[in-house]
Amino acid sequence: MSDKRQPYYITTAIAYTSRKPHIGNTYEVVLTDAIARFQRMLGFDVFFLTGTDEHGQKIEEIAKESGVTCQEYVDGVAGEIRRIWDLMGASYDKFIRTTDDYHVDAVQKIFKKLYDQGDIYKGSYEGWYCVPCESFFTDTQAEGGVCPDCGRPLQKTSEEAYFFKMSKYQDRLMEYIDAHPDFIVPESRKKEMVNNFLKPGLQDLCVSRSSFKWGVPITFDEKHVIYVWIDALSNYITALGYTPDGAGELYQKHWPADAHIIGKDILRFHTIYWPILLMALGEPLPKRIFGHPWLLFGTDKMSKSKGNVIYADDLVRHFGVDAVRYYVLREMPYAADGTITYETIIARFNADLANTLGNLVNRTVAMAQKYFGGSIDLESVNPELEGACLQTSDKVCSLMKDFRVADALEEIIALARRSNKYIDETMPWALAKDEAQQDRLKEVLWNLIEAIRYIGVLATPFMPATGTEILRQIGAEGTEFETLSFRKGGNITVSEPSPLFVRIDEAKKLAELEAERAPKEEPKAEEPKEESNEISIDDFAKVELKVGTVLECKPVEGADKLLVSQIRIGDEVRQIVSGIAKHYTPEQMVGRRVVVVTNLKPVKLRGVLSQGMILAASDGKTLSLITPDKDLPDGAQVR
């Protein structure tokens with residue numbers, strides 16, 4: 001427990017903006033969010049960083065194929081990534097994009113500093129390059145002409161480039177790792193990095209490219225862009241306001257990071273390239289780097305080509321946010337790969353969330369309502385579950401220090417199982433039948449509600465909405481860890497019971513999922529009809545559309561749906577009546593830019609003259625006015 005709100009800085013790897021992230025990619029932000037929330041619960045001043053990596057040859061190629069600019073492409077994907085992170089309840093404090101101006105400026109200054117001090121030099125590169133992995137390989141590593149990391153074809157590349165003197169810092173990094181045994185975790189990942197990469201010796205690292213343009217330009221040689229390693233990895237400090245010219249208050253407060261949470265596939269870059277880059281800059285190294293395993297579909301890595309990709313938003317539609325969070329956190333072991341299938345999601349949902357946790361809360365609250373009207377008063381209590389609650393909170397804290405999230409969740413569910421067993425042991429329904437056992441019945445329900453309070457508080461970092469709802473139903477306040485002490489008496493008032501999780505019919509849900517994934521039949525071409533609503537371009541040209549500004553607006557007397565507006569269109573002001581009162585107020589209309597049909601024959605609606613029509617779109621429920629997205633003058637023609 002922190003006395004003074006000590007800072008705690010945690011990061012995800014930044015997601016690459018080549019495509020929409022699947023649930024395996026999404027696992028990392030959920031994992032990091034759970035750790036961040038737990039640290040906040042302990043009282044730490046947490047700063048949680050995530051974001052997107054947006055440069056590189058792969059982006060340039062995809063954008064060209066898509067017929068859009070690189071910036072347009074990454075804007076779209078970055079927006080989709082952020083939408084999914086928000087959907088999953090990620091409580092990040094900052095979302096960095098490597099196209100952000102402040103990041104670009106800081107990266108250019110970092111590169112220049114390293115060049116000026118002799119750590120970067122100009123040379124040429126000839127070898128093999130993997131576009132998807134953005135990695136170079138020697139002839140030995142590129143056996144068979146395929147990438148040793150992803151198995152895709154490699155490109156033979158020869159170009160002028162700048163190189164970073166990795167070998168200069170190799171011994172220093174080895175000494176640091178030896179002196180800080182928790183720097184790389186789990187232990188198996190550390191051994192892999194040391195034995196496979198550091199001990200054989202480091203080669204100098206290519207840190208610029210001249211064969212494509214979508215990257216951060218080198219200020220003193222604009223034929224080159226700064227390669228991904230310096231650009232992307234530097235986000236962890238540029239997000240805090242670091243530049244070689246000086247670092248702001250946020251950097252001084254939060255660096256070095258307490259934890260980088262990254263996938264095992266990019267461990268080399270974070271445990272070798274990144275620490276050496278920091279050493280060259282003269283900055284402290286992060287305290288810990290946790291390389292988490294992969295979430296596999298069954299036994300296979302998720303791949304669009306294999307047709308086994310699952311997306312987080314699809315899972316949320318079927319199971320809810322907290323259930324998806326619970327599953328991915330519970331099913332991912334500390335060091336080995338986890339697995340996901342629809343069958344295992346349903347099984348875990350029913351066993352842990354519906355049968356164990358949901359059933360415990362529902363029947364306990366229901367009994368408190370049934371037997372005591374929802375209010376229980378005790379002067380003193382012999383808490384038979386106290387030991388289990390205290391032991392669980394201690395174990396969860398210890399496990400979370402080592403990022404053993406799946407094990408921490410198992411302890412919480414184990415407390416729920418123990419509490420359900422306590423119900424079976426004490427049989428409250430039998431006690432309720434005996435007037436002489438009323439005090440004992442109160443004591444039993446008190447113990448159960450207190451155990452549920454522990455579960456609610458401990459579960460909140462992992463399942464935020466569920467934890468909050470548990471505490472609401474039992475009338476408890478506060479999710480801080482310091483609220484966890486077994487109460488020895490007083491008053492408990494519970495709410496009406498409401499199911500947390502409803503058991504899923506496996507066969508029905510699997511059939512629903514299968515139908516959703518089944519390829520859709522192409523609609524059959526219809527025979528041409530004799531009558532058609534098609535018009536020619538000459539017919540369309542007869543409609544006169546112009547931009548206008550609403551100067552005044554008020555309701556039409558006696559008409560609930562009608563508003564009458566005075567609209568300036570060029571040099572004239574038109575009065576137009578519109579059936580939009582259910583969707584817009586007069587106050588919302590004044591000053592609004594609209595598109596108006598100006599050559600309609602004037603008509604009277606409810607006795608009020610209307611000299612045109614305002615254009616709007618509607619899906620039958622919602623109505624939206626058509627508005628120009630640029631500042632055009634009133635009277636501008638719409639073609």
Side-chain angles (χ1 to χ4, degrees), residues 8-15 24-25 27-32 34-36 38-39 47-50 53 133 135 148-149 164 166-203 205 228-230 232-237 254-295 329 332-338 398-408:
Y8 188 93
Y9 181 33
I10 188 169
T11 74
T12 67
I14 50 177
N25 309 132
Y27 162 72
E28 184 173 297
V29 77
V30 175
L31 170 66
T32 309
I35 298 168
F38 196 87
Q39 293 299 323
F47 192 88
F48 170 16
L49 176 71
T50 189
D53 172 11
C133 295
S135 297
D149 289 340
F164 179 54
M166 297 277 289
S167 53
K168 175 180 174 181
Y169 295 93
Q170 174 175 321
D171 291 343
R172 184 172 161 189
L173 179 57
M174 288 279 286
E175 291 170 3
Y176 186 89
I177 292 172
D178 288 341
H180 299 81
D182 291 333
F183 176 58
I184 305 171
V185 291
E187 181 71 18
S188 58
R189 306 269 187 261
K190 178 171 70 175
K191 289 180 178 178
E192 178 188 352
M193 293 301 105
V194 172
N195 295 333
N196 294 354
F197 298 102
L198 282 171
K199 284 185 177 178
L202 295 176
Q203 295 182 337
L205 181 67
V228 61
W229 311 126
I230 291 180
L233 290 168
S234 295
N235 90 90
Y236 304 120
I237 54 177
H254 285 290
W255 192 259
D258 291 271
H260 289 324
I261 308 298
I262 58 164
K264 65 178 184 178
D265 52 327
I266 53 173
L267 194 64
R268 178 170 87 250
F269 315 125
H270 283 79
T271 60
I272 297 176
Y273 299 176
W274 177 227
I276 286 178
L277 177 61
L278 287 166
M279 287 176 174
L281 291 172
E283 300 299 326
L285 272 56
K287 297 174 186 177
R288 198 155 34 152
I289 301 172
F290 176 52
H292 65 76
W294 287 337
L295 186 64
L329 294 172
M332 185 73 84
Y334 177 65
D337 291 335
S398 177
L399 290 166
M400 288 301 291
K401 286 179 182 177
D402 293 328
F403 307 144
R404 293 183 177 272
V405 176
D407 296 330

Please tell me if the side chains of V29 and F48 come closer than 4.5 Å, counting only heavy atoms from C-beta onward.
-> yes
State whether R288 and D182 are salt-bridged, where the test is any N-O pair (Lys NZ or Arg NE/NH1/NH2 against Asp/Glu carboxylate O) under 4.0 Å.
-> no
L202 vs I276 side-chain heavy atoms within contact, under 4.5 Å | yes
Is there side-chain contact between Q39 and M400, with at least one heavy-atom pair below 4.5 Å?
-> no
Heavy-atom closest pair (Q170 atom, L198 atom, distance to 0.1 Å) is NE2-O, 2.9 Å
For the residue pair W255 and W274, does the interplanar ring angle fall in the parallel (under 30°), tilted (30 to 60°) or perpendicular (over 60°) class?
-> perpendicular
Evaluate the ring planes of Y27 and H292, with Trp represented by its six-membered ring, and classify them as parallel (under 30°), tilted (30 to 60°) or perpendicular (over 60°).
-> perpendicular
So how far is it from L267 CG to I272 CD1, rounded to the nearest 0.5 Å?
-> 8.0 Å
Test side chain to side chain contact (heavy atoms under 4.5 Å, CB included) applied to I177 and T271, step by step = CA-CA 9 Å; I177 292 172; T271 60; over 6 Å; no
Y9 and H260: side-chain donor and acceptor closer than 3.5 Å?
-> no
State yes or no: are the ring centers of F183 and Y176 separated by less than 6.0 Å?
-> yes
Show your working on side chain to side chain contact (heavy atoms under 4.5 Å, CB included) between Q203 and M166 and close with a plain yes or no.
-> CA-CA 6 Å; Q203 295 182 337; M166 297 277 289; over 6 Å; no
Is R268 close to M193 at the side-chain level, that is, under 4.5 Å between some pair of heavy atoms?
-> yes
Taking every heavy atom of P284 against every heavy atom of L278, the minimum-distance pair comes out as O-CD1, 3.8 Å
Is the shortest distance from a Lys or Arg side-chain nitrogen in K264 or D337 to a carboxylate oxygen in the other one below 4.0 Å?
-> yes
Looking at side-chain heavy atoms only, is the closest gap between I261 and I10 below 4.5 Å?
-> yes
Say you draw a straight line from CD1 of I35 to CG of L329; how long is it, rounded to the nearest 0.5 Å?
-> 9.0 Å
Nearest non-hydrogen partners of A259 and F403, listed with the distance | CB-CZ, 3.7 Å
Would you name the heavy atoms of G24 and L295 that are closest together and state the gap between them?
-> CA-CB, 4.1 Å
Give a yes or no on whether the ring-centroid distance for F290 and Y334 is below 6.0 angstrom.
-> yes
Non-hydrogen atoms of E28 and T32 that approach each other most closely = O-OG1, 2.8 Å
Roughly how far apart are H254 NE2 and Y8 OH, rounded to 0.5 Å?
-> 12.5 Å
D407 and D402, any side-chain heavy atoms less than 4.5 Å apart | no
Note: A335 and P186 closest approach over all heavy atoms is CB-CG, 4.1 Å
Say you draw a straight line from CD1 of I14 to CG of D53; how long is it, rounded to the nearest 0.5 Å?
-> 4.5 Å
Mind running side chain to side chain contact (heavy atoms under 4.5 Å, CB included) on I262 and T12 for me, showing each step along the way?
-> CA-CA 6 Å; I262 58 164; T12 67; over 6 Å; no
Taking it one step at a time, do W294 and D265 satisfy side chain to side chain contact (heavy atoms under 4.5 Å, CB included)?
-> CA-CA 9 Å; W294 287 337; D265 52 327; 3.5 Å; yes
Is a salt bridge present between E187 and K190, judged by a nitrogen-to-oxygen distance below 4.0 Å?
-> yes
Separation between CD1 of I230 and CG of N235, rounded to the nearest 0.5 Å = 13.5 Å
So CE of M332 and CZ of R404: to nearest 0.5 Å the spacing works out to 14.5 Å
